[in-house]
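Input: a single structure, listed below in structure tokens.
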Amino acid sequence: MATMATQGPWLKIASVSQPKSVAKSTELGFLTSQLSGVRISHGYSDVINRIALPSVPSLLQPVVARRICPFTGKKANRANKVSFSNHKTKKLQFVNLQYKKVWWEAGKRFVKLRLSTKALKTIEKNGLDAVAKKAGIDLRKK
């Protein structure tokens, strides 16, 4: 087997007879390509730094409120915007979501909710407890 080395001390390329196995070395960390059977080696400290640094956890990413009603399940509708020349382009028709404080009779307090106007009409008709129970929402957490 022939081994080729580049000009820099940080990269060596060697052909391998076993393309799907990962070879281990004490002085260099090897990565094996499964497509071509070529090993690419990095310096030992570079491999340790890549292993030691964790990726950014999803807890640090900002939480974005979804444009969906938790009571009715209504979400954005994809529609066409039609111009005078009948040229159609895609657009989203969002749900009419409102922040509203609704009196919760069982809890004897107001509950601040983000709901659609359709859900607000349904709550006025059937009551907050019935609508929340049907949607599977626990009002005690909010």
Side-chain angles (χ1 to χ4, degrees), residues 1-25 28-142:
M1 293 285 162
T3 303
M4 296 171 23
T6 61
Q7 296 294 327
W10 45 271
L11 179 65
K12 291 182 181 178
I13 300 176
S15 63
V16 178
S17 61
Q18 302 170 354
K20 291 189 179 181
S21 66
V22 177
K24 294 183 180 179
S25 176
L28 294 175
F30 288 99
L31 301 173
T32 304
S33 171
Q34 294 183 357
L35 299 175
S36 63
V38 175
R39 282 192 294 181
I40 303 171
S41 65
H42 298 277
Y44 183 70
S45 62
D46 188 30
V47 173
I48 296 299
N49 288 339
R50 288 179 188 226
I51 294 171
L53 294 175
S55 62
V56 176
S58 62
L59 298 174
L60 297 177
Q61 295 176 351
V63 177
V64 178
R66 296 178 59 196
R67 291 179 176 147
I68 186 168
C69 178
F71 291 96
T72 59
K74 285 182 170 281
K75 55 186 176 181
N77 181 39
R78 284 193 72 122
N80 283 325
K81 179 179 168 185
V82 182
S83 68
F84 178 75
S85 63
N86 206 24
H87 180 74
K88 296 174 181 69
T89 56
K90 296 289 183 186
K91 72 171 187 172
L92 286 175
Q93 295 172 338
F94 294 112
V95 182
N96 187 7
L97 291 176
Q98 305 292 326
Y99 287 98
K100 187 76 178 168
K101 285 202 268 186
V102 182
W103 178 253
W104 181 31
E105 199 55 46
K108 304 288 185 211
R109 64 182 178 96
F110 282 98
V111 181
K112 187 174 181 183
L113 301 170
R114 186 179 191 215
L115 43 84
S116 64
T117 51
K118 176 72 175 178
L120 189 60
K121 288 174 70 174
T122 307
I123 287 171
E124 287 177 3
K125 180 180 179 182
N126 301 331
L128 181 60
D129 284 326
V131 177
K133 185 177 179 182
K134 185 177 179 182
I137 296 173
D138 186 16
L139 296 173
R140 291 177 288 165
K141 291 188 256 181
K142 295 187 179 188

Check whether any side-chain heavy atom of T89 lies under 4.5 Å from a side-chain heavy atom of H87, and answer yes or no. yes
Kindly give the heavy-atom pair with the smallest separation between R109 and R140, and that separation in Å. NH2-O, 3.9 Å
As an exercise, state the distance from CZ of R114 to SG of C69, rounded to the nearest 0.5 Å. 10.0 Å
Could you work out, with salt bridge (charged side-chain N to carboxylate O under 4.0 Å, His left out) as the rule, every residue matching K90, not counting sequence neighbours? none
Is there a side-chain contact between T72 and V131, using heavy atoms and a 4.5 Å cut-off? no
Taking side chain as C-beta onward, heavy atoms only, is D129 less than 4.5 Å from W104? yes
Applying side-chain contact (heavy atoms from CB on, under 4.5 Å), run through L97 and T117 and close with a yes or a no. CA-CA 7 Å; L97 291 176; T117 51; over 6 Å; no
Provide the closest heavy-atom pair for K91 versus N80 in the form atom of the first, atom of the second, distance. CE-O, 4.3 Å
Going by the rule side chain to side chain donor-acceptor pair (under 3.5 Å), which residues pair with N77 if we only count those two or more places apart in sequence or in a different chain? Q93
Test item: L113 and L120 side chains (from C-beta on) under 4.5 Å apart, heavy atoms: no
Using 0.5 Å steps for rounding, measure from the CD1 atom of I123 to the NZ atom of K125. 13.5 Å
Minimal non-hydrogen separation, P70 against I137, with atom names: O-CD1, 3.5 Å
List the steps, then state whether side-chain contact (heavy atoms from CB on, under 4.5 Å) holds for L92 with R78. CA-CA 5 Å; L92 286 175; R78 284 193 72 122; 3.6 Å; yes
Beyond-backbone contact of K118 with K74, side-chain heavy atoms, under 4.5 angstrom: yes
Identify the two heavy atoms, one from F71 and one from A119, that lie closest to each other, and give their separation to 0.1 Å. CB-CB, 3.9 Å
Quick check: do S116 and N96 have side-chain heavy atoms less than 4.5 Å from each other? no
Distance-minimising heavy-atom pair for W103 and L128: O-CD2, 4.0 Å
